[in-house]
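As structure tokens, the structure follows; a few thoughts come after it.
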Amino acid sequence: MKQKNEAYETAKEMVGYELIYTETICPNEEYVQREEDKIYYTIKVFQNQDNRIMVSAASNSAFFDGDQYELECLEKISAENVSIEWLTLMGEKTQGEKNQFSVANLVISMDGEVLNERMINFGAKVIEMVTDVINKNKPQ
């Protein structure tokens, strides 16, 4: 599984960031025959010795360029502080062949308090493409 921002993730690991949490899903695994047609979404959460957190999202999909962001934290976190809820583009918590997971609701919390919550949309480019087509075909 080759992911687009793999080099960036590896570089962060090499410069003092410890991998705290990683999760990979393959939403279309049950619906494709060939291995090369499988789409993977991966989210990794890192933290350095200054407690700065870095979140990285990657995919082998042409519809996602990767995403990463950093945030300050006062304490060390662990995998138990990270949760991800996967959703479809329509916001459903269960998926089907025509409505697969493509959004991750990532929550980092400590002692019951949410430190950061972010929706990572692995299908954002699909929405942009559909919107562009609709706008081009709209009567003026």
Side-chain angles (χ1 to χ4, degrees):
M1 162 179 59
K2 182 104 172 136
Q3 298 194 336
K4 294 179 185 175
N5 58 352
E6 187 173 58
Y8 179 82
E9 293 171 350
T10 302
K12 283 290 190 181
E13 287 180 87
M14 291 171 42
V15 292
Y17 279 79
E18 175 188 351
L19 180 62
I20 302 296
Y21 181 89
T22 186
E23 185 171 325
T24 299
I25 68 164
C26 179
N28 69 341
E29 186 169 30
E30 297 175 27
Y31 313 114
V32 296
Q33 316 278 303
R34 302 178 318 167
E35 186 67 30
E36 61 266 21
D37 293 332
K38 290 182 180 178
I39 299 296
Y40 294 95
Y41 303 144
T42 298
I43 296 177
K44 293 184 178 183
V45 178
F46 301 88
Q47 190 171 34
N48 69 11
Q49 52 194 11
D50 295 328
N51 295 330
R52 189 164 185 76
I53 297 171
M54 196 275 296
V55 175
S56 177
S59 177
N60 62 335
S61 171
F63 299 112
F64 187 71
D65 292 329
D67 188 17
Q68 54 267 335
Y69 64 95
E70 293 185 87
L71 57 127
E72 299 292 330
C73 186
L74 299 176
E75 300 177 46
K76 282 283 185 205
I77 64 168
S78 68
E80 290 77 35
N81 301 110
V82 181
S83 66
I84 298 175
E85 180 179 40
W86 291 95
L87 305 166
T88 67
L89 283 176
M90 301 303 289
E92 301 290 327
K93 295 180 182 182
T94 56
Q95 70 168 354
E97 184 173 3
K98 304 231 183 278
N99 192 23
Q100 297 172 16
F101 290 142
S102 60
V103 177
N105 183 25
L106 172 69
V107 178
I108 301 172
S109 59
M110 186 168 284
D111 300 324
E113 181 180 330
V114 174
L115 303 175
N116 180 262
E117 182 172 7
R118 183 171 294 190
M119 300 289 260
I120 300 171
N121 188 342
F122 288 89
K125 278 187 167 181
V126 173
I127 295 169
E128 290 173 20
M129 291 169 55
V130 169
T131 303
D132 287 348
V133 168
I134 291 169
N135 287 336
K136 286 179 184 175
N137 294 323
K138 193 177 353 177
Q140 305 259 336

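This one's a predicted model, so the numbers in the text were calculated from it and none came from an experiment. Along the sequence shown, the residues carry numbers beginning at 1.
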Would you check, one step at a time, whether the test side chain to side chain contact (heavy atoms under 4.5 Å, CB included) holds for L89 with N121?
CA-CA 8 Å; L89 283 176; N121 188 342; 3.6 Å; yes

For R118 and V55, run side chain to side chain contact (heavy atoms under 4.5 Å, CB included): C-alpha distance rounded to whole Å, both residues' side-chain angles, the deciding distance at 0.1 Å, then the answer.
CA-CA 10 Å; R118 183 171 294 190; V55 175; over 6 Å; no

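- Under a hydrophobic clustering in which Ile, Leu, Val, Met, Phe, Trp and Tyr are joined whenever their side-chain heavy atoms come within less than 4.5 Å, directly or via other members, L115 and L106 fall into the same cluster.
- For the side chain to side chain contact (heavy atoms under 4.5 Å, CB included) test with V45, the passing option among V82, N116, I84 is V82; the others fail.
- Taking CG of N51 as the reference point, atom CD1 of I77 lies at 9.0 Å (rounded to 0.5 Å).
- When atom types are taken as modelled, the side chain of N28 and the backbone of D37 share a donor-acceptor pair closer than 3.5 angstrom.
- Residues satisfying the side chain to side chain contact (heavy atoms under 4.5 Å, CB included) test with E35, not counting sequence neighbours, are K38, Y40.
- Atom CD1 of residue I120 and atom OG of residue S56 lie 8.5 Å apart, to the nearest 0.5 angstrom.
- V103 and V107 sit in two unconnected hydrophobic clusters of ILVMFWY residues. Membership requires side-chain heavy atoms under 4.5 Å apart, directly or through other members.
- Atom CD of Q68 and atom NZ of K44 lie 12.5 Å apart (nearest 0.5 Å).
- Within the structure, side-chain hydrogen bond (donor to acceptor under 3.5 Å, both in side chains) contacts touching residues 103-113 (residues at least two apart or in different chains) are N105-E117.
- In this model, a donor atom of one side chain and an acceptor atom of the other lie less than 3.5 Å apart for E23 and W86.
- Of all heavy-atom pairs spanning F122 and I43, the tightest one is CZ-CG1, 4.0 Å.
- I20 is connected to L71 through a chain of hydrophobic side-chain contacts under 4.5 Å among Ile, Leu, Val, Met, Phe, Trp and Tyr, so both are in one cluster.
- Between the side chains of E70 and Y17, at least one donor N or O lies within less than 3.5 Å of an accepting N or O.
- Residues M119 and L87 are in side-chain contact: their nearest non-hydrogen atoms beyond the backbone lie under 4.5 Å apart.
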Check the pair N48 / E18 against side chain to side chain contact (heavy atoms under 4.5 Å, CB included), numbers first and verdict last.
CA-CA 6 Å; N48 69 11; E18 175 188 351; over 6 Å; no

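- Remark: side-chain polar atoms of Q47 are paired, donor with acceptor, to backbone N or O of E75 under 3.5 angstrom.
- Placement of Y31 and I39 in two distinct hydrophobic clusters is found when ILVMFWY residues are connected by side-chain heavy-atom separations under 4.5 Å, directly or transitively.
- To the nearest 0.5 Å, atom CE of residue M110 and atom OG of residue S78 are 7.0 Å apart.
- The distance from atom NZ of K98 to atom CE of M90, rounded to the nearest 0.5 Å, is 15.0 Å.
- One hydrophobic cluster, built from ILVMFWY side chains closer than 4.5 Å, holds both Y69 and Y41.
- When all heavy atoms are compared, the tightest approach of A57 to F64 is O-CE2, 3.6 Å.
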